[in-house]
Number of protein chains: 2
Amino acid sequence: MDGEKISRRKPRSDGQRNRQHLLDTAKAAFQSGETDIPLDEVARRAGVGIGTLYRHFANRDALIEAVYRNELDRLAAAATQLAGTHPPVEALRAWMLLFVDYIAAKQVIAPALNGLVGGTCALYAASAEIIKGTIDGLVSRAVKNGDIRPDLDPLDFLRALVGVSNVAAAPGWEASARRLVDILIAGSQPPTASQSRT
Amino acid sequence: MDGEKISRRKPRSDGQRNRQHLLDTAKAAFQSGETDIPLDEVARRAGVGIGTLYRHFANRDALIEAVYRNELDRLAAAATQLAGTHPPVEALRAWMLLFVDYIAAKQVIAPALNGLVGGTCALYAASAEIIKGTIDGLVSRAVKNGDIRPDLDPLDFLRALVGVSNVAAAPGWEASARRLVDILIAGSQPPTASQSRT
DNA sequence: TAGATATGCGGAGGATTACTCCGCTTAACA
DNA sequence: TGTTAAGCGGAGTAATCCTCCGCATATCTA
């Protein structure tokens, strides 16, 4: 059923180059706040025709997704690296802070994550499992180590981070985001010495 | 400079009625997920012409804002009431949970709050101060009572709630939101018996 | 009640944007 | 170097936002 078209030829070099130009142009535009830039304009800035844009990306959403996919994958890769070099709860904390830094540098991620955790729209569906698996691995390792209460859904952390990233435009947001990371970790510790609610 | 036009006549009854019809129609559409419904369609469903819609609401954003304004104001009113009947930290907690319930019932609020805390777009600016004042009052009362660390920005809580509300579409989001409220409160307590992070 | 008039209604239509289609160009292969 | 198909470009179509202006009617005055 899954008719995979096997191409005998190597993909054309100019095609790949144009595709990359389009991605770079769109990413730059989104980062600078031009989120609803006309696609004609994206094509023009990338130095290609509008037809070429639509050849590579079926519609606006497909282009946006392609831009965000790459960023999310890099974030997931960082988590794997952190998990190998830090104790569990530190890895979790470090990744969440990295998350914040990442958003600080490139505010492109927020909508992607929103769609990711929301899960309703088919957009970003491909990366969803990767990121979910990432946070799941970090949290479950911290739980096994006794640093985090076991009754928490790892997705809770992701949801909180998504929230932070969604308000990235506010002036003092970055400090706020760092505080929230610590609050989340502090509030998720098992009730050893302190008294938890109820 | 602020040339306020003083109208001698009472506003026409049909005008007010049509405006309300438009608001109700738009609200219903947004709640049912038709967020990018054409405005022509909104006007049609409301039984008025497109010109009438634009007479009452300058553009799409103005219509959306008008829909959300009312919801936010009601939320702020609830906080005032809670503050008068509950001890500080309980009032904060109750309001945050009410927030969650409110979103559960009507998922209309999320984008409004996003714009509110983000602050960049002029949208929702009018309600921003109201909600900010609301959370500020709740948190500062809890701080004075010694339930919450004093080094937290009240907006942090708002930002976290906005995050929760932005992912309201996911299946298990409601339980997650409640857990997050408790995590936030637990993580915000002053370090009395337990040891806080650095 | 009837006339005057400003407030409000309605929808045609201009401008903008998303997306399609198809003939031409050019990189990959023999 | 010739063949071939992958890829390019932009004119054109459809959908949507928003404006404009003549017509209708609710409110006010007498």
Side-chain angles (χ1 to χ4, degrees), chain A residues 3-30 32-68 111 115 121-123, chain B residues 3-30 32-68 111 115 121-123:
Chain A
E4 189 73 14
K5 181 81 70 60
I6 296 177
S7 66
R8 304 164 19 254
R9 290 195 181 187
K10 201 169 64 178
R12 281 173 58 154
S13 55
D14 57 346
Q16 304 234 288
R17 206 175 353 158
N18 281 336
R19 183 190 161 90
Q20 195 58 46
H21 281 168
L22 284 166
L23 280 176
D24 292 344
T25 304
K27 183 167 151 185
F30 294 156
S32 67
E34 293 281 339
T35 50
D36 45 3
I37 182 176
L39 293 190
D40 312 45
E41 177 67 15
V42 173
R44 208 184 54 72
R45 290 189 195 171
V48 304
I50 182 65
T52 300
L53 188 151
Y54 277 98
R55 163 165 294 276
H56 286 293
F57 309 101
N59 52 30
R60 180 182 205 89
D61 284 346
L63 172 61
I64 295 175
E65 183 198 0
V67 169
Y68 294 160
C121 60
L123 255 181
Chain B
E4 188 73 13
K5 180 80 71 59
I6 296 177
S7 65
R8 304 166 15 258
R9 291 193 180 188
K10 201 170 62 175
R12 282 173 54 156
S13 55
D14 56 346
Q16 304 233 288
R17 205 173 351 144
N18 281 337
R19 184 189 160 89
Q20 195 58 46
H21 281 168
L22 284 167
L23 280 177
D24 292 344
T25 304
K27 184 167 152 186
F30 294 156
S32 66
E34 292 282 338
T35 50
D36 45 1
I37 183 176
L39 294 190
D40 311 48
E41 177 67 14
V42 172
R44 208 185 52 75
R45 288 189 196 172
V48 304
I50 183 64
T52 300
L53 188 151
Y54 278 97
R55 163 166 294 276
H56 286 294
F57 309 101
N59 52 29
R60 179 181 205 90
D61 285 345
L63 172 61
I64 294 174
E65 184 198 0
V67 170
Y68 294 160
C121 60
L123 255 182

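Chain A is the first sequence line, chain B the second, and so forth, proteins listed ahead of strands; every chain is numbered from 1.
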*Should Gln16(A) and Gln20(A) count as side-chain neighbours, where that means a heavy-atom distance under 4.5 Å?*
no
_What's the closest nucleotide to the side chain of Val48(B) if the choices are dG8(C), dG7(D), dG10(C)?_
dG10(C)
*asked:* Whole angstroms only, please: what is the CD-P distance between Glu41(A) and dC19(C)?
replied: 17 Å
*Are the side chains of Phe57(B) and Ile64(B) in touch, meaning some heavy atoms are under 4.5 Å apart?*
no
*Write down the atom of Leu22(A), the atom of Ala46(A), and the distance for their closest heavy-atom approach.*
CD2-CB, 3.7 Å
_Thr52(A) vs dG9(D): side-chain N/O to OP1/OP2 distance below 4.0 Å_ = yes
*asked:* How many whole angstroms separate atom CG of Asn18(A) from atom P of dT25(C)?
replied: 17 Å
*Do His21(B) and Val48(B) come close enough that some side-chain heavy atom pair is under 4.5 Å?*
no
*Counting just side-chain N and O atoms, does His56(B) come under 4.0 Å of either OP1 or OP2 of dC9(C)?*
yes
*Which parts of nucleotides 14-19 of chain D does protein reach within less than 4.0 Å, heavy atoms only, written one letter per nucleotide 5' to 3' as B for base, S for sugar-phosphate only and - for none?*
---SBB
*Quick one: Asp14(B) CG to dA24(D) P, roughly how many Å, whole number?*
15 Å
*Within this structure, what is the CG-to-C1' distance between Leu53(B) and dG10(C), rounded to whole angstrom?*
12 Å
_Is the phosphate of dA26(D) approached by Ser13(B) (side-chain N or O, under 4.0 Å from OP1 or OP2)?_
no
*Locate the shortest heavy-atom distance separating Leu63(A) from Val42(A); write the atom from each residue and the value.*
CD2-CG1, 4.5 Å
*asked:* Quick check: do Thr52(B) and His56(B) have side-chain heavy atoms less than 4.5 Å from each other?
replied: yes
*Compare all side-chain heavy atoms of Asn18(A) with those of Arg55(A) and state whether any distance is below 4.5 angstrom.*
no
*Quickly work out the Lys10(B) NZ to dT7(C) C1' distance and round it to whole Å.*
14 Å
_Residue whose nearest DNA chain D nucleotide is more 5′ - Gln16(A) or Arg55(B)_ = Gln16(A)
*Between atom CZ in Arg19(B) and atom P in dG10(C), what is the gap in whole Å?*
16 Å
*Taking the side chain of Arg12(A) as its heavy atoms from C-beta onward, which of dA28(C), dT25(D), dA6(D) lies nearest to it?*
dA6(D)
*asked:* Can you measure Leu22(A) atom CG to dG9(D) atom C1' for me and round it to whole angstrom units?
replied: 13 Å
